[in-house]
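Computed from a prediction, not measured in an experiment: that's the story for all the values here.
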Amino acid sequence: MEKDDKTLGQRIAYFRKLRGITQEDLGEKCGVSSQAVSKWENDISAPDITLLSTLAETFGISTDQLLGLKREVATAVDPETIDEDRLLLKIDIESNDGDKIKINVPYKLGLVFLQSESVGEKNGEALKNVDFKQIAEMVRMGLLGHVVDIESADGDKVKISVEQL
């Protein structure tokens, strides 16, 4: 399991702003002052451990996400909560000859590109057996997170994730 490079305070500020919540509103939900929230976001102090689940629930994320832990697993969510306009398609390709490519694009744009014939020849080889229509169907059914992990016989590796912002 990896850990992201942001601090807890930076993640709290990011998710609070993403959800359109003020420091005062977040403080009320957590039973603390807006000044306490400000201190968290500026990494002067940290929320009490008992507030982590409240914060995660308020932001609509897991406590692992709040703490910056990255798991490479798919998660089933209620399909009605998925907003395809707020999804990110992440593709990591590592070829057997040492090339590394990381693609992070809006989900809808990524699917259009990857289902087209314009995928580059070299990296198209690594992706040609990936059924992006099937991935799109799995997402519509509520599957998010790490959805594909391929290692070809010649050593190429492809990892595909779909994340909700």
*Sub-3.5 Å donor-acceptor pair from the side chain of D92 to the main-chain atoms of K159, do we have one?*
no
*asked:* Are L26 and I44 linked, directly or through intermediate hydrophobic residues, by side-chain heavy-atom contacts shorter than 4.5 Å (ILVMFWY only)?
replied: no
*In Å and rounded to the nearest 0.5 Å, what is the CG to CD distance from N42 to Q10?*
10.0 Å
*Step through the shown structure and confirm whether more than 12 heavy atoms of other residues, nucleotides or ligands are within 6.0 Å of CD on E84.*
yes
_Any donor-acceptor N/O pair, E28 side chain to D25 backbone, under 3.5 Å_ = no
_Checking K29 now: which residues fulfil side chain to side chain contact (heavy atoms under 4.5 Å, CB included) with it, not counting sequence neighbours?_
T58
*asked:* For K108, give me all partners under salt bridge (Lys or Arg N to Asp or Glu O under 4.0 Å), at least two apart in sequence or on another chain.
replied: D85
*Please examine the side chains of L18 and R86, heavy atoms only from C-beta on, and report whether any two atoms are closer than 4.5 Å.*
yes
_By side-chain hydrogen bond (donor to acceptor under 3.5 Å, both in side chains) - contacts of D48 (at least two apart)_ = T50
*Would you name the heavy atoms of D78 and T81 that are closest together and state the gap between them?*
O-OG1, 2.6 Å
_Under 3.5 Å donor-acceptor, E41 side chain and Q23 backbone_ = no
*Report yes or no: do V162 and M141 belong to one cluster of Ile/Leu/Val/Met/Phe/Trp/Tyr joined by side chain heavy-atom distances under 4.5 Å?*
no
_According to a hydrophobic-cluster definition based on side-chain heavy atoms being under 4.5 Å apart (Ile, Leu, Val, Met, Phe, Trp, Tyr only), do I49 and F15 belong together?_
yes
*Which distance, rounded to the nearest 0.5 Å, do you find between the CD of E163 and the CG of L87?*
10.0 Å
